[in-house]
There are 2 protein chains.
Amino acid sequence: MPRVADHDQRRALLARAFQRLLATRGFADVSFARVAAEAGVSVGLIQHYFTDKDALLRFAYEDAVNRMSDRVRVRVRNGEAAGLPFADRLLDTLVELLPLDAERDVEYRVRQGLQAQALHHPGLADVARRAGGDLLGYVRAVVERGKESGDVAPGVDAVLAARAILATVQGLADQVALSGPDAFPARDVLRPVVAAVFTG
Amino acid sequence: MPRVADHDQRRALLARAFQRLLATRGFADVSFARVAAEAGVSVGLIQHYFTDKDALLRFAYEDAVNRMSDRVRVRVRNGEAAGLPFADRLLDTLVELLPLDAERDVEYRVRQGLQAQALHHPGLADVARRAGGDLLGYVRAVVERGKESGDVAPGVDAVLAARAILATVQGLADQVALSGPDAFPARDVLRPVVAAVFTG
DNA sequence: CCGGTAACCATACCGCCGTATCGCTTCAGG
DNA sequence: CCTGAAGCGATACGGCGGTATGGTTACCGG
């Protein structure tokens, strides 16, 4: 066996370069040549680690949604230790998904690019569906926790309530991205929607 | 003066072809050649009516959002004649924005394509912002009508409430597009969000 | 009826795209 | 220590993108 390299690390390097370009220049401007330049490697290297462009797309998007999903998961779990009410903790977590600062904006743009591509690309649609399912699961779990503690009325459907909250976050993200973070108080828009579920 | 043609009609013909392609094949697959083929004309004709690709993009997107905006406006106005409560009429109108059938799906995909492009294209961002502002205005007007009639509590901010409702619709549209129209009852998800504003 | 302008098409051009291929370098295993 | 497989880069190639250009057709005004 010859010269070895950490495949996962190499792939991640390229995926991050892809994501930076997607966020800053848009999907139309992402090419192998530009990703290579951004990552400081040759075009050939990308070919070495990804069979074709679809493989790079898919990996880069999966990497992005995994990192986002992980962030939400640990934030939800960490929140359990603190004594804050469910609604406040959930709101804090969800506001982090909005493109209110530069870092979240990059994350949002990658997500948005994925969503747009997924509409015409079955493979990416799978990635997007799985990511959406993960998020839905986390929020649903919080809602059910709320039902046990009495913060949520027993009659509400946890899945539909979670869908409503997540939909608002997603649409709000689009509004923020379009109008800028200071155009309106996004948190104040989201709060009543969460409060309509967590009435305790 | 020689041979005349209706410029507006010609431009609309090309814009519609562009929109059909965007919806069915995705933005990446839309080229002058394909738009020309879809419209049944030559590539040169497109050049004759649009200076460059940006002009076609912008016109096609403006045409799409104008038609959508008109549809919502007349629906809101027509609803005033009927005796239904504000909340029900608003809900009916907003559900029409979701990609629940083939026709609305095309409309959604064009809107989604515009939103995605707008993130990296100032000119299109203007179009998207204006379209969003129009929609916000209509919903805001309905909310204020509701305040006058007592269906909406006096304390609520009409703009923020309208933003919340529209954000939910937009995010819900993404969910429906990803999971299909039968994956979950979209109308039932949206209803409580509207009902949280129209409490009368 | 005829000159001229606009409508429209065909095609040529150049650049960038993704991909294929080849060559050089580096190092683990026998 | 030397051999060969993997890491990696340079470059070539075919295709398709948007755009430029020239020609042909159809029609209005005088």
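Chain letters run A, B, ... following the sequence lines, proteins first and then strands; every chain starts at 1.
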[Y] and [X], any side-chain heavy atoms less than 4.5 Å apart:
{"X": "A:L124", "Y": "A:Q115", "value": "no"}
{"X": "A:T168", "Y": "B:Q170", "value": "no"}
{"X": "A:R67", "Y": "A:Q19", "value": "yes"}

**Request:** Can you tell me which residue pairs pass the ring pair (Phe, Tyr, Trp, His ring centres under 6.0 Å) test with a partner in residues 33-55 of chain B, sequence neighbours excluded?
**Result:**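 Every ring pair (Phe, Tyr, Trp, His ring centres under 6.0 Å) pair that includes a residue of residues 33-55 of chain B, provided the two are not neighbours, is B:H7-B:Y49, B:F50-B:F59.
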Using whole Å, report how far [atom1] of [X] lies from [atom2] of [N].
{"X": "A:I46", "N": "C:dA20", "atom1": "CD1", "atom2": "P", "answer": "14 Å"}
{"X": "B:F27", "N": "D:dG18", "atom1": "CZ", "atom2": "C1'", "answer": "13 Å"}
{"X": "A:D52", "N": "C:dC17", "atom1": "CG", "atom2": "C1'", "answer": "14 Å"}
{"X": "A:F50", "N": "D:dG7", "atom1": "CZ", "atom2": "C1'", "answer": "15 Å"}

**Asked** Between A:F86 and A:R145, is there a cation-pi geometry (under 6.0 Å to ring centre, at most 45° from the normal)?
**Response**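 The answer is no, since A:R145 fails at least one limit relative to A:F86.
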**Asked** Can a donor-acceptor pair be found between the side chains of B:H120 and A:D29 at a distance below 3.5 Å?
**Response**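 No.
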**Prompt:** If you round to the nearest 0.5 Å, how far is CG of A:L135 from CG of A:L94?
**Reply:**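 So the gap between those two atoms works out to 8.0 Å.
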**Asked** Do A:R109 and A:D105 sit within salt-bridge range, that is, some charged N less than 4.0 Å from a carboxylate O?
**Response**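 Judged by the 4.0 Å cut-off on N to carboxylate O distance, A:R109 and A:D105 do form a salt bridge.
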Do any N or O atoms of the protein come closer than 3.5 Å to N or O atoms of nucleotides 14-17 of chain D, and which pairs are they?
{"residue": "D:dG17", "atom": "OP1", "partner": "B:R34", "partner atom": "NH2", "Å": "3.2"}

Nucleotides 8-11 of chain C: which of its N/O atoms have a protein N/O under 3.5 Å away?
{"residue": "C:dC8", "atom": "OP1", "partner": "B:R10", "partner atom": "NE", "Å": "3.2"}
{"residue": "C:dC8", "atom": "OP1", "partner": "B:R10", "partner atom": "NH2", "Å": "3.1"}
{"residue": "C:dC8", "atom": "OP2", "partner": "B:R10", "partner atom": "NE", "Å": "3.4"}
{"residue": "C:dC8", "atom": "OP2", "partner": "B:Y49", "partner atom": "OH", "Å": "2.7"}
{"residue": "C:dC9", "atom": "OP2", "partner": "B:S42", "partner atom": "N", "Å": "3.1"}
{"residue": "C:dC9", "atom": "OP2", "partner": "B:S42", "partner atom": "OG", "Å": "2.8"}
{"residue": "C:dC9", "atom": "O5'", "partner": "B:S42", "partner atom": "OG", "Å": "3.4"}

**A:H7 side-chain N/O to D:dA6 phosphate OP1/OP2 under 4.0 Å** =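 For D:dA6, neither OP1 nor OP2 has a side-chain N or O of A:H7 closer than 4.0 Å.
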